[in-house]
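Written out below as structure tokens is the structure these notes cover.
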Amino acid sequence: MLPTMMFVIDTAGLVLRLFLLLPIYRIKVNFLDFVRYAKMMNITRQLRPSLAKALMPTAMRAMSADSKLVELTMNEKTGIATVTMNRPPVNSLNLELLQGLLKAFEGLEDDRKCRGMILTSSSPTVFSAGLDIMEMYKPKPDRVKEFWTTLQDVWLALYGSSFPTVAAINGHSPAGGCLLSLCCEYRIMCPNYSIGLNETKLGIVAPKWFMSSMLGAIPYREAELALTSGRMFSTDEALKIGLIDEVASDKADAIAKSEKFLSQFAKIHPIARKLTKLNLRHSALEWMQENKELDLNIFISFVGQPIVQKSLEKYLEGLKAKQAK
Ligand SMILES: CCCCCCCC/C=C\CC(=O)SCCNC(=O)CCNC(=O)[C@H](O)C(C)(C)COP(=O)(O)OP(=O)(O)OC[C@H]1O[C@@H](n2cnc3c(N)ncnc32)[C@H](O)[C@@H]1OP(=O)(O)O
């Protein structure tokens, strides 16, 4: 009974909003047109999970990330949420940090007040050091499966979020750190740091969806050169190539610029914005939804190779040796 009532209320609310708001934007469309449009654009798949969540009793909806590894704050006035990664020293993405991020993104997806999200780091020098290499080096079978599946879900939730997203990159952002920022719609970076997908330098291969995220930001030719060489870009180089959109003087400036970017969407119809974003990102999202299992199997067999383990070991030794100097 409760789910049925909520469905009716939700649907009525959506229809009402469409009829009340669309005339303001002078778009002549009715609800059936909207459904037809969504079908034509083949994006109903992305809408279905949010509808399923909308049918859950309100008390069950996660509104915030309670993990200390991820801080979630919401500006009640502007509806802008800030998600801060907080896993010292370098925010390397282990299973627990990924779970915290997933919870935060899913909570925001359910939060009707959310008008946008800023992703940043509590570290003064590192946005995220990428995937925690210890999750891939001599991995435990069950944990490494959960680790990769959670990474896939984080990517789906962030790349396919209906709310607008900005990465305030207040530090180095290699590999998985760069990927998180590439999932966002806009990237603002502080000076004198590095960013890029450097996987080949570790003797590993950036998966297809890492590459398609990069191709959403920079041209194919530049991406091919960067990916095959594992090139890391300085802040200035990243701006020049389009890997980031703006440079900020410091974290506070990055947050202020992020808020300014997000505030422009107050004038854009939220459903028109969301459908445009999801349609642009549709083929990559659909590929992942349909190939999660295949992608997991490829990853598991890849990290199980002795040669890959050797590369990771050498890379870890290099990191430790750097610290010892
Ligand atoms: C066909 C498809 C198959 C799929 C294959 C798998 C695909 C995997 C995809 C993505 C891969 C990744 O994301 S791998 C991670 C890549 N990351 C990096 O290369 C970054 C490495 N780190 C750094 O360069 C630096 O740490 C830094 C620039 C980010 C910060 O430098 P800083 O000087 O501030 O800090 P330290 O270097 O001294 O590091 C402190 C501490 O943290 C440890 N550390 C750093 N990064 C990682 C990491 N990614 N994972 C685990 N641990 C990390 C470092 O060793 C130090 O540890 P100790 O204090 O114990 O020495």
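Remember, it's 1-based here, ligands and their atoms both numbered in the order they're listed.
Side chain of Arg115 to main chain of Pro270: no donor-acceptor pair is present (N/O by atom type, distance under 3.5 Å, no hydrogens or angles).
Among Leu179, Val205, Leu93, the residue whose heavy atom sits closest to atom 2 (C) of ligand 1 is Val205. Counting heavy atoms only, Ala129 comes closest to atom 17 (N) of ligand 1 of the residues Ser128, Ala129, Gly318.
Residue Ile133 touches ligand 1 through backbone and side chain together, judged by heavy-atom distances below 4.0 Å. Residue contacts with ligand 1 for Val126 involve side-chain atoms from C-beta outward but no N, CA, C or O (heavy atoms, distance under 4.0 Å). Residue-level proximity to ligand 1 for Ile298 is carried by the side chain, the only part with a heavy atom below 4.0 angstrom. The part of Ile204 lying near ligand 1 is the side chain, judged by heavy-atom distances below 4.0 Å.
Within a 4.0 Å radius of atom 12 (C) of ligand 1, the protein has at least one heavy atom.
Under a 4.0 Å N-O distance rule, the pair Asp236/Lys240 does not qualify as a salt bridge.
If you look at Trp148 and Trp209, their ring centroids are closer than 6.0 Å.
Polar contact with ligand 1: absent for Thr125 (N/O pair, distance under 3.5 Å). Any N or O atom pair closer than 3.5 Å counts here, and Leu131 shares at least one such pair with ligand 1. The shortest N/O to N/O separation between Ser92 and ligand 1 does not fall below 3.5 Å.
You'll find the side chain of Phe127 stays beyond 4.5 Å of the side chain of His172, heavy atoms only.
Checked against side-chain hydrogen bond (donor to acceptor under 3.5 Å, both in side chains), Ser258 has no partners two or more places apart in sequence or in another chain.
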